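Worth saying up front: this structure is predicted, and the values here are computed from it rather than measured. Numbering starts at 1 and runs along the sequence shown.
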Amino acid sequence: MSEEHRETGTGWPRPGEPARPSGPAGEPDPRPDAPDPDELSPLAPVEPVPDEAEPAEREAVPESEPEPGAVAGAGAPSAARRFSSAGAMIAVLLALLGFTLVVQFKTTSTDPTLAATREEDLVRISSDLDSRERRLRQEIELLEESQRQLRSGEQGRQAALEEATRRADELGILAGTLPAVGPGLEVRFSGPAKAVSSTRILDAVQELRGAGAEAMQIQGTDGTAARIIASTYFVDGPDGALVVDGRRLTGPFTIMVIGDPATMRTALNIPGGVVASVRDGGGNVTSEDREVVEVSQLHAPIKLDHARPVS
């Protein structure tokens, strides 16, 4: 391009444009079909001539995407990840909500009675259920109270049974129907028949009972024994023998007695008592303390014909 063209701002004509006249600036266009310069508005826009090469160039050069971080900055990926996590959480919550609504709808729809029931009827049904629950709770409380009473009664019955058993054992020992064991004395009577007669033996039994004897039995030298109870009787037999409740015993005789040894020994040795009377008759009485005395001989139960317990 020449220096003249660069100064005036004019350049070479574009392809397809008619060549401008080379006349001096400001002169009219010598072309016969040129428009009048006066008719041209200085403000009228001049339509640009489309550049035919420009579309091809635009199509040939693709737009390059900006690298991450070059334009949007370093925080864009993390923000996108946060938005993705929040979106996933919202989707899960919405799915759960939809599932719950579907289940509730199906549950409600499966009961046609409740679906067709009026609101007043539903309120009445709810009230009836509450009342039934209260009644059931009251029944539970009553049953629990009955259980406590039964347990308490069972304990009372158990205690009464234990007391009755203990009393029956005591009565069995006194009646001679049960064996007994405990501390006591072993008293031995020896001598002529006159010295150890049934009267002397009965006196000795009475003294021992008065001193607290709880269980007694008498036996002879041949091993025959008899349980001594309240109804026991003593009779002199032939040849110095002793008959006790129908059983014949031969001397010397031994009484096994359960009780306090010291008290019973003192009772036998009082002046003018059993020991003194036997010795006066030519006999002898010896007593020995025992920590364990066994009274094993039993007496047949007595059948009462007339006596009855008072109810």
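In this structure, L268 CG and M264 CE are separated by 8.0 Å, a value rounded to the nearest 0.5 Å. Distance check, rounded to the nearest 0.5 Å: CG of L129 to CZ of R134 gives 11.0 Å. To the nearest 0.5 Å, atom CE of residue M216 and atom CD1 of residue I255 are 7.0 Å apart. We find the CZ-CD1 distance between R290 and I258 to be 12.5 Å, quoted to the nearest 0.5 Å. L143 contributes atom CG, which lies 10.5 Å from atom CZ of R148 (distance to the nearest 0.5 angstrom). Atom CZ of R247 and atom CD1 of I218 lie 12.5 Å apart (nearest 0.5 Å).
More than 12 heavy atoms of other shown residues, nucleotides or ligands fall within 6.0 angstrom of atom CD in E145. Atom CD of E294 is surrounded by 12 or fewer heavy atoms from other residues, nucleotides or ligands within 6.0 Å. Remark: D239 CG is loosely packed, at most 12 non-hydrogen atoms of other residues, nucleotides or ligands lying under 6.0 Å away. Other residues, nucleotides and ligands contribute at most 12 non-hydrogen atoms within 6.0 Å of the CZ atom of R132.
A donor-acceptor pair is defined here as one N or O able to donate and one able to accept, closer than 3.5 Å; such a pair exists between the side chain of Y233 and the backbone of G246. With hydrogens and angles ignored, the 3.5 Å screen pairs a side-chain donor or acceptor of R227 with a backbone N or O of L178. Remark: side-chain polar atoms of Q217 are paired, donor with acceptor, to backbone N or O of Q297 under 3.5 angstrom.
Using a 4.0 Å cut-off between a side-chain N of Lys or Arg and a carboxylate O of Asp or Glu, R137 and E141 do not qualify as a salt bridge.
When all heavy atoms of L185 and V293 are compared, the closest pair comes out as N-CG2, 4.0 Å. In plain terms, the two heavy atoms of L304 and A307 that are nearest each other are CB-O, 4.1 Å. Across A215 and I173, no two heavy atoms sit closer than the pair CB-CG2, 4.0 Å. Of all heavy-atom pairs spanning H299 and D245, the tightest one is NE2-OD2, 3.4 Å. Taking each heavy atom of M256 and V295 in turn, the nearest pair found is O-CG2, 4.0 Å. What you find for S231 and I302 is that their closest heavy atoms are OG-CD1, 3.4 Å.
Looking at residues two or more places apart in sequence or on another chain, you find a salt bridge (charged side-chain N to carboxylate O under 4.0 Å, His left out) between E163 and R166. Applying the side-chain contact (heavy atoms from CB on, under 4.5 Å) criterion to R167, with sequence neighbours excluded, gives E170, L171.
For the pair F234/I228, a side-chain contact is recorded, criterion being any heavy-atom separation below 4.5 Å from C-beta on. T224 places none of its side-chain heavy atoms less than 4.5 Å from the side chain of R248.
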List, one per line, each side-chain donor-acceptor pair under 3.5 Å for residues 187-210, sequence neighbours excluded.
{"residue": "S198", "atom": "OG", "partner": "D236", "partner atom": "OD1", "Å": "2.9"}
{"residue": "S198", "atom": "OG", "partner": "D236", "partner atom": "OD2", "Å": "3.3"}
{"residue": "R209", "atom": "NH2", "partner": "I229", "partner atom": "O", "Å": "2.3"}

